[in-house]
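Notes follow the structure.
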Amino acid sequence: MTIEVLGAKLSKHGKANLKAGEVALVGAGPGDAELLTIRALRFIQQAEVVVFDRLVSDEILSMLPQDAEQFYVGKKRSKHSVSQEDINQLLVDQAKLGKRVLRLKGGDPFIFGRGGEEAEYVLKRGVSCHICPGITAASGCTTYAGIPLTHRGVAQGCTFITGNMQDDGQLNLPWQSLTASSQTVVFYMGIITLPLIVKELIRHGRAASTPAALIYKGTQPEQEVFRGQLDTLEQLITEHNIKPPTLIVIGDVINQLTEHQLSRPGFLRADEYVANQ
Ligand code: SAH
């Protein structure tokens, strides 16, 4: 089925119908436009006003309707260009002007994306809201880096957790629950607090030699994957001057496919594969 045929079928049967005065809260995924859901693409095509984050990739921004009005509300750590309250209010104001409002967020809106707060805010003010998931960074970036988050006999589970400091400057996390060797742990927003994360995990019993990886701008043309172990992560960051957005992945799964050479993100070459013992 061509994409045009699929599009025609969806416009007949599809449920993504953004009406005047409504908001669509949509996950844009980790960057590669091919990872958008069809539902997300349909909302993008219907938007009159777009409110988007720093994490939405240029490739996806280039797909916005030419005549859509764009509001950039990107936030940087400790330098909020637009406050969350102002973003919430902007969505309501634009919807009340009778616009079809697209709220486009990196990854999934409901995973470390404050999507729940935004939905609550607009609903309370009488604005209806479509919600559309996106591929979250933990899933998209690890897959494109050739890292399976779970693997039979290696990792039975996986935890997504934030490394962002709480308002009081503390990082209070359930460290003990992150130490099982059969569990993969993915830290979002952890680059700044990485030294503390490493220290606490080791102090609570996770082996210092646990394989670990850093994925910078996963799924995007600039994607870089750095592999090491828990106690070498800090060194990797300094050596390579790694900045956000970067994902930290900890667990034995890191090396499961290590002999595959990724010739490009999301592609594993069979001719360079040597089975991992
Ligand atoms: N809602 C988003 C997460 C927002 S929190 C989601 O579901 O993916 C922001 C953090 O996500 C970043 O600090 C980084 O740790 C991670 N992140 C998001 N996109 C990323 C990408 N393309 N590559 C690496 N990390 C990414």
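Indexing begins at 1, ligand by ligand and atom by atom, following the structure's order. All residue numbers refer to positions in the sequence shown, counting from 1. If you're wondering where the values come from, they're calculated on a predicted model, not measured in any experiment.
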First locate atom [atom1] of [X], then atom [atom2] of [Y], and finally report the distance between them rounded to the nearest 0.5 Å.
X	Y	atom1	atom2	answer
Glu234	Ile191	CD	CD1	10.5 Å
Asn88	Gln84	CG	CD	4.5 Å
Ile161	Tyr188	CD1	OH	12.0 Å

Can you list the atoms of ligand 1 that are under 4.0 Å from a heavy atom of [X]?
X	value
Gln220	22 (N)
Cys141	21 (C), 22 (N), 23 (N), 24 (C)
Thr136	6 (C), 7 (O), 8 (O)

Side chain or backbone, does [X] bring an N or O within less than 3.5 Å of an N or O on ligand 1?
X	value
Leu55	no
Tyr188	no
Phe187	no
Pro109	no
Ala137	yes

message: Please work out, at 4.0 Å between heavy atoms, whether the side chain, the backbone, both, or neither of Lys217 comes within that distance of ligand 1.
response: backbone

message: Just checking Phe52 against Phe71, ring centres under 6.0 Å apart?
response: no

[X] to ligand 1, any heavy atom closer than 4.0 Å:
X	result
Lys105	no
Gly31	no
Ile215	yes
Pro244	no

query: Do side-chain atoms of Arg103 reach the backbone of Val51 as a donor and acceptor pair under 3.5 angstrom?
result: yes

- prompt: Hey, is CG on Asp167 packed in by over 12 heavy atoms from elsewhere, all under 6.0 Å?
  reply: no

message: If you count heavy atoms of other groups shown closer than 6.0 angstrom to CD of Glu34, is the number above 12?
response: no

What is the closest protein heavy atom to [atom], and at what distance does it sit?
atom	result
atom 10 (C) of ligand 1	Met189 CG, 3.7 Å
atom 22 (N) of ligand 1	Pro30 O, 2.9 Å
atom 5 (S) of ligand 1	Phe112 O, 3.6 Å
atom 23 (N) of ligand 1	Gly218 N, 2.8 Å
atom 2 (C) of ligand 1	Gly106 O, 3.3 Å
atom 3 (C) of ligand 1	Ile111 O, 3.6 Å

- prompt: Val185 pairs by side chain to side chain contact (heavy atoms under 4.5 Å, CB included) with which of Leu201, Leu230, Leu178?
  reply: Leu178

Thr184 and Thr150, any side-chain heavy atoms less than 4.5 Å apart: no

query: Is there a side-chain contact between His240 and Leu214 (heavy atoms, below 4.5 Å)?
result: no

field: Ring-face cation contact, Tyr121 with Arg125, 6.0 Å cut, 45° max
entry: yes

- prompt: Nearest to atom 15 (O) of ligand 1 by heavy atom, Leu214, Ile248, Thr246: which?
  reply: Thr246

- request: Classify the side-chain pair Gln170/Gln166 by whether it contains a donor and acceptor separated by less than 3.5 Å.
  value: no

